[in-house]
Amino acid sequence: MSEAGVEVNRVGRLPESERSDWTELDLLTREEAHGRLVEEIDLVRIRLGELGDGDQAERDLLESRLRALRSAASDLLGS
């Protein structure tokens with residue numbers, strides 16, 4: 001199979017020699033990823049504060065998510 005005259009391997013990707021170096025420019029730095037996680041942590045904390053007494057199932061899920069977000073944020077910066 002070929003793509004614009006270039007041979008494509010079995011998984012539909014261009015051979016390594018034909019891939020652009022520019023494709024990696026959209027990757028986040030560790031600091032950017034950490035910043036996004038911190039923003040999400042803040043949103044989850046706000047949502048937890050909005051929950052009422054009858055929302056225990058959602059509270060449990062959000063608390064679990066919060067722990068996972070905090071762990072990922074900590075791991076990113078090696079804290």
Side-chain angles (χ1 to χ4, degrees):
M1 196 181 271
S2 68
E3 185 171 290
V6 177
E7 193 65 28
V8 178
N9 65 22
R10 288 196 288 186
V11 294
R13 298 184 67 188
L14 293 173
E16 187 70 34
S17 62
E18 298 295 326
R19 294 186 202 152
S20 170
D21 291 337
W22 294 98
T23 56
E24 293 188 22
L25 289 180
D26 64 347
L27 297 177
L28 295 174
T29 65
R30 295 174 77 79
E31 291 79 14
E32 290 169 326
H34 181 266
R36 290 184 184 193
L37 286 168
V38 168
E39 290 173 9
E40 184 66 19
I41 288 167
D42 290 341
L43 292 174
V44 171
R45 289 179 64 217
I46 290 168
R47 179 64 185 135
L48 277 168
E50 296 171 345
L51 294 178
D53 293 336
D55 297 320
Q56 190 59 45
E58 185 174 358
R59 180 176 304 283
D60 292 344
L61 289 172
L62 287 173
E63 287 173 348
S64 175
R65 178 170 174 73
L66 187 58
R67 283 190 301 276
L69 289 168
R70 285 178 173 158
S71 175
S74 176
D75 290 347
L76 270 175
L77 295 182
S79 306

Minimal heavy-atom distance between Leu76 and Ala33, with the atoms involved, is CD1-CB, 3.6 Å
Minimal heavy-atom distance between Val44 and Leu69, with the atoms involved, is CG2-CD1, 3.9 Å
Taken to the nearest 0.5 Å, the spacing of Arg65 CZ from Leu43 CG works out to 9.5 Å
For Glu32, the salt bridge (charged side-chain N to carboxylate O under 4.0 Å, His left out) test, sequence neighbours excluded, returns none
Q. Under 3.5 Å, is there a donor-acceptor pair between the side chain of Asp60 and the main chain of Ala57?
A. no
When rounded to the nearest 0.5 Å, the distance separating CG of Asp55 from CG of Leu48 is 10.5 Å
To the nearest 0.5 Å, atom CG of Leu66 lies from atom CG of Asp42 at 9.5 Å
Rounding to 0.5 Å, atoms CD (Gln56) and CG (Leu51) come to a distance of 9.0 Å
All heavy atoms of Ile41 vs all of Ala73, minimum pair found to be CD1-CB, 4.2 Å
In this structure, CZ of Arg70 is separated from CG of Leu37 (nearest 0.5 Å) by 12.5 Å
Here the gap from Ser64 atom OG to Arg59 atom CZ, rounded to the nearest 0.5 Å, amounts to 14.0 Å
Quiz item: Charged N to carboxylate O under 4.0 angstrom, Arg47 versus Glu50?
Solution: yes
